[in-house]
Amino acid sequence: MSNYHIKHLEEYYQVYRKSIREPENFWEEIAEEHFMWRKKWDKVLSWDFSKPEVKWFEGAQLNITENCIDRHLATRGDKTAILFEPNNPDEEAEHITYSQLHQRVCKFANVLKSQGVKKGDRVCIYLPMIPELAISVLACARIGAIHSVVFAGFSSSALATRINDSDCKMVITSDGSYRGSKTIDLKGIVDDALEDCQGVNSVLVAKRIHSEIEMKAGRDHWLQPLLDDASDVCKAEIMNAEDPLFILYTSGSTGKPKGMVHTTAGYMVYTAYTFKNVFQYREKDVYWCTADIGWITGHSYIVYGPLCNGATSVMFEGVPSYPDFGRFWEIVEKHKVNQFYTAPTAIRALAKEGVDHLEKHDLTSLKVLGTVGEPINEEAWHWYDDNVGKKKSPIVDTWWQTETGGIMISPIPFVTPTKPTYATLPFIGIQPALMDENGQEIKGNQVDGRLCVKFPWPSMARTIWGNHQRYKDTYFSAFENKYFTGDGALRDEVGYYRITGRVDDVIIVSGHNLGTAPIEDAINEHPAVAESAIVGFPHDIKGNALYGYVTLKETGESRDQNNLRKEINQLITEQIGPIAKLDKIQFTAGLPKTRSGKIMRRILRKIACKDTSNLGDTSTLLNPEIVQGIMDEAL
Ligand code: 7RM
């Protein structure tokens, strides 16, 4: 029996049990049989959650790009690796074969070297969804440089924070990007960011929109001429199993963004194995994940997981609404997509447009539908199942995180019976636990609690860049000897999990994780603002939208409130990006606070959600009298 590809429910349970009883033997077999190693490991796993320290496949040597590209050349050289679908539907799609990808990655890797990038250096990638994004990620991995991809919707100050936090010496960007009918001046954003980044000495610029941009002499270089001159031979740097592969920032509930560090071997093994099973990928299939490579979903399930399996992975530059809301379905039909992986926020936006767009396209190629990023509501789940999958394509509701590197709880299609809104069963090797508020594990079924993981898995993040203490405090301190996810979940009578949402101050808006603290910090910089508190409230399409309560300084009280609202959102756009703008801003005389001075977001959340019948215990408040006023003036 090959444990690599699970095909029946009994097989799932059998393999699952083995992965729990003998995790080292289990992962050793998977690693042994399905990957290319320069040297095998000395030890499969060592771990100690109290430090915390986790090492997988210690002593092994490899390069992930040899696994993603080189080893396919003999058998899949002419197969499409990346199928690029441009923003403009009239522009031709680009089929990049495994051989071409090999060539382009090697050339790019040589350009990086010629610019002085060495193993272990950090390279920031700030690119739209164009082939250069995937290629530059792989080029970094080829030479052992640590990539830090920053989603190209972040503002210049968010970009600068990330560049400086990990001390990147190079930035890879483009002259601009297309987004529906708009263009965005990415290079201008990079120029602004670099005013505050002393460590960056070179910027590579891909041409995409052919706009007139400024090139700073000595620092900025057009990418294409460098590529033209570069050799297409580049030996892969031999990496240790635990060498960092990349850093990816995720917002926390407090403080600056956390640079999650993922290492090489474990990440590779787990993303490849989950990809194969969760999407039931077969050799001739065309797989499409609509995420941006700027997020973990794109790293693991557009680039590394699919390519490790020799898959054809679609990369889409545009947005679901351009030129109209039929675009996704047009692409599914055009490229005969077999597995389609998207986010609930996109599903809700598409559902709102009705089924006319769907009916114009042939969707019979679809076999598996996936969802990720936030809890999927029942209505959206059924719309997806009925209208996109025609009740024939199982929905894999995949729960996981930037920190987990790969899918943790998910059905295996055609194996695990699905249930609307449930991520269902833990993936092979994953040991979830539900914890109560006293730190005790809740056993049995039909229970809910805080979601933890009891045992290491290969693709877990190993640390936060430059701040191991914060890694420990955030993930390993709430519950002893367990990884705490920050999510709440319930377990039903058959052991299926349903993720109920964040239990901390992270709000997921349109699938983007936003910490409340950085947004509040941005607002508080406004000269008229005294204090602010952000909460989430339900939104038809975004899942959650942001509601801000703002108290003004005396000097601000005479100001026009609508102007103030605009200025506040402008500040947020500058400091974080437009995704963090507030939908509602209520000016209040004060904020409800505990005696220790903490803002009681619980109450503000209920008011924002118009759920004020039972505000719970307000007796511990320092200033209970202000609550009525906030309720009376709620928006
Ligand atoms: C992959 C990704 C992580 C947070 C996580 C959850 C939420 C993600 C689901 C989900 C319910 C899901 N990484 N989340 N997937 N909630 N069901 N299937 O999204 O780091 O950006 O976000 O997203 O709260 O903790 S992430």
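Numbering of residues begins at 1 and proceeds along the displayed sequence. Atoms within each ligand, like the ligands themselves, are counted from 1 in listed order. The basis for the numbers below is simple: all heavy atoms, side chains too, and nothing from hydrogens, waters or symmetry mates.
Note on E353 versus R348: no salt bridge recorded, every NZ/NE/NH1/NH2 to OD/OE distance being 4.0 Å or above. Classification of R498 and D492 as a salt-bridged pair fails, no side-chain N sitting under 4.0 Å from a carboxylate O.
Judged as a salt bridge (charged side-chain N to carboxylate O under 4.0 Å, His left out), the pairs with a partner in residues 451-466 (not counting sequence neighbours) are, in order, E242-R462, E441-K454.
No cation-pi contact links K7 to F414, judged by a cut-off of 6.0 Å to the six-membered ring centre and 45° from its axis.
Contact shell of ligand 1 (protein heavy atoms, cutoff 4.0 Å): I296, T297, V372, G373, E374, P375, D397, T398, W399, W400, Q401, T402, D487, I499, R502, I508, N513.
Applying the salt bridge (charged side-chain N to carboxylate O under 4.0 Å, His left out) rule to D448 yields no partners; only residues at least two apart in sequence or on another chain are considered. Applying the side chain to side chain donor-acceptor pair (under 3.5 Å) criterion to T342, with sequence neighbours excluded, gives T290.
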